[in-house]
Structure formats: structure tokens, C-alpha cells
Amino acid sequence: MRRFALCLLSAALVVGCATDDQKRNAINDVNSEFRVQYERILAELGTRVYRTNLDDAFPALRSALGRVGMRVGDQSPRMGYLSVVGPAPAPLTDAEWRSAAERDLPKLREIATQHVGVLGRFVSFEPEGLEVIINATALEVRNGVEISLTARMREIAPPKSGMPRREYLPPSAVRMGLEKIWNEFERELRSARTL
């Protein structure tokens with residue numbers, strides 16, 4: 001217990017040693033790395049084509065996103081546009097978020113440590129105070145409907161750590177969230193077809 005208390009005290013002292021510029025540079029590099037991975041994941045998993053029509057796809061998409069904890073922020077069914085928002089870690093559960101964050105935490109800490117030294121070893125993903133915004137488009141194409149998803153984070157409360165916020169979700173969370181949304185969408189689409 002004493003060792004743990006000393007570690008916490010040391011961490012608190014180290015936080016004061018990192019300048020705002022160092023913290024900002026660390027997060028900028030994390031954003032840069034995560035952006036590259038985010039774009040790669042979106043190119044691989046962010047768009048799918050389904051053999052259906054827009055009248056069936058759009059309500060199924062809206063319902064699927066609701067099932068994973070998102071609420072409609074803006075929509076235009078005729079244009080095939082849907083924007084949803086939810087408190088982080090939605091669309092993931094807390095357990096799913098922890099699993100995804102564990103996978104990406106070593107990279108986060110490696111990058112942060114290059115700028116803030118030992119403080120980087122204590123950096124973690126903080127979903128508290130963040131909202132996840134997912135934008136979806138559904139466009140009719142020759143073989144059905146093409147659906148594309150993007151996701152970003154928005155700060156609604158300052159972080160407890162004092163570190164600046166990232167713009168991009170952890171890559172494993174993006175991958176896991178997309179798969180979860182697609183699974184829910186396909187379930188909703190199948191359900192609509194059987195009615």
C-alpha cells in the first residue's frame with residue numbers, strides 16, 4: 001500500500017513537470033498516429049453495400065445505432081444522412097472499451113513518453129467527459145445501398161488528468177465499434193425483412 005501511495009505521489013509530481021507544450025505535442029503525435037490507423041480502418045471496414053433499398057436501410061441503420069447507445073442528433077432520410085451522438089464509450093460497453101483500450105495503451109504511452117517522459121507511463125484513455133459522434137450516409141447504388149460510417153470524439157467536460165484530449169478514438173475501439181454497428185444493422189435489416 002505504501003509503495004502504491006509513493007507511486008501516486010511521484011506521478012502527481014511528474015504531472016507538474018511536463019509543460020503544456022510537451023503535453024500538447026504528445027497528444028498531437030498520438031492524434032497523428034491514430035488518424036493514420038483510423039483512416040486505414042475506415043477504408044477496410046467503414047463502408048458496406050447491402051442488397052436492399054433506402055426505405056429499409058435507413059430505419060434499420062437508425063435503430064441499430066440506437067441499440068448501441070447512440071441518439072439521433074440530425075437526420076435527413078431523403079438524403080440518406082444520419083448523425084448520432086452518445087456518451088463515450090458508446091457504441092461500446094465499458095468492458096468492450098477496456099478491452100480495446102488495453103490493446104492500444106502501449107502505443108499511446110510509447111508516443112506520450114517521447115514528449116513528457118515518465119508521465120507518459122501514466123497516461124490512459126479517458127472516455128469520461130467525451131461524446132462519440134457517428135455520421136452515417138446511405139446512398140442508393142446499382143447493387144443496393146452503400147452505407148458509410150465515420151466517428152469522432154467531442155469534449156463535453158475537461159479531462160481529470162490535465163492532458164489535452166485526443167481527436168481520434170483508439171484504433172481497436174474503432175474496429176470493434178464498426179463491427180458491432182454492422183452486426184446490429186444486419187440484425188435489424190433481417191428483422192425488417194421477416195415482418
Side-chain angles (χ1 to χ4, degrees), residues 4 7-8 11 15 23-24 26-48 60-74 82-116 119-136 147-188:
F4 179 73
C7 285
L8 284 178
V15 169
K23 292 176 188 178
R24 200 171 12 263
I27 294 305
N28 285 341
D29 279 359
V30 168
N31 276 330
S32 180
E33 172 68 24
F34 284 7
R35 179 184 52 79
V36 168
Q37 292 184 47
Y38 168 81
E39 290 172 356
R40 196 174 299 143
I41 293 165
L42 280 189
E44 177 188 342
L45 301 173
T47 301
R48 291 190 180 178
L61 183 59
R62 187 175 47 229
S63 183
L65 288 164
R67 290 173 61 101
V68 296
M70 309 303 285
R71 69 183 185 284
V72 174
D74 191 18
L82 178 63
S83 180
V84 295
V85 62
L92 302 179
T93 64
D94 288 337
E96 290 167 336
W97 173 267
R98 281 190 300 276
S99 173
E102 280 180 27
R103 291 183 207 150
D104 295 321
L105 195 55
K107 189 64 171 177
L108 171 70
R109 289 182 172 167
E110 174 191 329
I111 295 169
T113 300
Q114 294 170 11
H115 295 279
V116 297
L119 170 62
R121 295 182 188 167
F122 298 97
V123 172
S124 64
F125 294 106
E126 299 175 85
E128 303 81 16
L130 292 171
E131 287 184 323
V132 174
I133 302 163
I134 298 174
N135 291 311
I147 299 174
S148 297
L149 302 171
T150 62
R152 292 299 280 258
M153 294 187 301
R154 173 173 59 203
E155 182 178 274
I156 56 173
K160 294 177 184 175
S161 69
M163 289 292 287
R165 292 284 196 182
R166 298 169 333 280
E167 293 175 35
Y168 293 92
L169 291 154
S172 295
V174 174
R175 190 175 292 280
M176 193 179 288
L178 286 170
E179 286 299 327
K180 186 173 184 177
I181 292 166
W182 291 130
N183 289 337
E184 288 297 330
F185 173 73
E186 290 167 8
R187 184 177 296 124
E188 289 292 328

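The figures here come from the full heavy-atom set of this structure, side chains too, leaving out hydrogens, waters and symmetry mates. As the structure is a prediction and not an experimental result, all values here were calculated from the model.
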request  = Would you mind reporting whether Ile181 and Met70 have side-chain heavy atoms less than 4.5 Å apart?
outcome  = no
task = Quick one: closest heavy-atom pair of Glu188 and Ala64, and the distance?
result = CG-N, 3.9 Å
query = How long is the gap from CH2 on Trp182 to CG on Leu45, to the nearest 0.5 Å?
reply = 9.5 Å
ask   = Residues in salt bridge (Lys or Arg N to Asp or Glu O under 4.0 Å) with Arg48, at least two apart?
value = Glu179, Glu186
inquiry  = Just to verify, what does Tyr168 make a ring-ring contact (aromatic ring centres under 6.0 Å, His included) with, not counting sequence neighbours?
reply    = Tyr38
request  = Could you walk me through whether Glu39 and Arg35 pass the salt bridge (Lys or Arg N to Asp or Glu O under 4.0 Å) test, one step at a time?
outcome  = CA-CA 6 Å; Glu39 290 172 356; Arg35 179 184 52 79; 3.5 Å; yes
Short N-O contact, Glu102 and Arg98, less than 4.0 angstrom = no
request  = Kindly compute the distance separating CG (Leu82) from CD1 (Ile134), expressed to the nearest 0.5 Å.
outcome  = 9.5 Å
task = Could you check if a side-chain atom of Val132 sits within less than 4.5 angstrom of a side-chain atom of Pro89, using non-hydrogen atoms only?
result = no
query = So, for Ala136 and Leu61, which heavy atoms are closest and what is the spacing to 0.1 Å?
reply = CB-CD2, 3.6 Å
query = With Arg71, which residues qualify under salt bridge (Lys or Arg N to Asp or Glu O under 4.0 Å), at least two apart?
reply = Glu131
request  = Provide the closest heavy-atom pair for Gly69 versus Ala90 in the form atom of the first, atom of the second, distance.
outcome  = O-CB, 4.0 Å
query = How many angstroms lie between atom CG of Leu42 and atom OG1 of Thr47, to the nearest 0.5 angstrom?
reply = 7.5 Å
ask   = What do the steps show when you test Phe185 against Val68 for side-chain contact (heavy atoms from CB on, under 4.5 Å), and what is the final call?
value = CA-CA 10 Å; Phe185 173 73; Val68 296; over 6 Å; no
Separation of Ile41 CD1 from Ser172 OG (nearest 0.5 Å) = 7.0 Å
request  = Working to the nearest 0.5 Å, report the span between CG of Leu108 and CG of Asp29.
outcome  = 11.5 Å
query = Who are the side chain to side chain donor-acceptor pair (under 3.5 Å) partners of Glu184, not counting sequence neighbours?
reply = Arg67, Arg187
message = Is it the case that the side chain of Lys180 and the backbone of Pro91 share a donor-acceptor pair, with hydrogens and angles ignored and the cut-off at 3.5 Å?
response = yes
query = Would you say Phe34 and Val174 make side-chain contact, with heavy atoms under 4.5 Å?
reply = no
Non-hydrogen atoms of Ile111 and Ala26 that approach each other most closely = CG2-O, 3.9 Å
key: Derivation of the side-chain contact (heavy atoms from CB on, under 4.5 Å) call for Arg103 and Arg175   = CA-CA 12 Å; Arg103 291 183 207 150; Arg175 190 175 292 280; over 6 Å; no
key: Nearest-0.5 Å distance that lies between atom CG in Asn28 and atom CZ in Arg24   = 8.0 Å
Shortest non-hydrogen contact between Pro171 and Asp104, atoms and distance = N-OD2, 3.3 Å
Cut-off 3.5 Å, no hydrogens considered: what does the side-chain donor-acceptor table look like for residues 119-130, sequence neighbours left out?
unit_1 : atom_1 : unit_2 : atom_2 : d
Glu126 : OE1    : Lys160 : N      : 3.3
Glu126 : OE1    : Ser161 : N      : 3.3
Glu126 : OE2    : Ser161 : OG     : 2.6

Set of side-chain contact (heavy atoms from CB on, under 4.5 Å) partners for Glu110, sequence neighbours left out = Lys107, Gln114
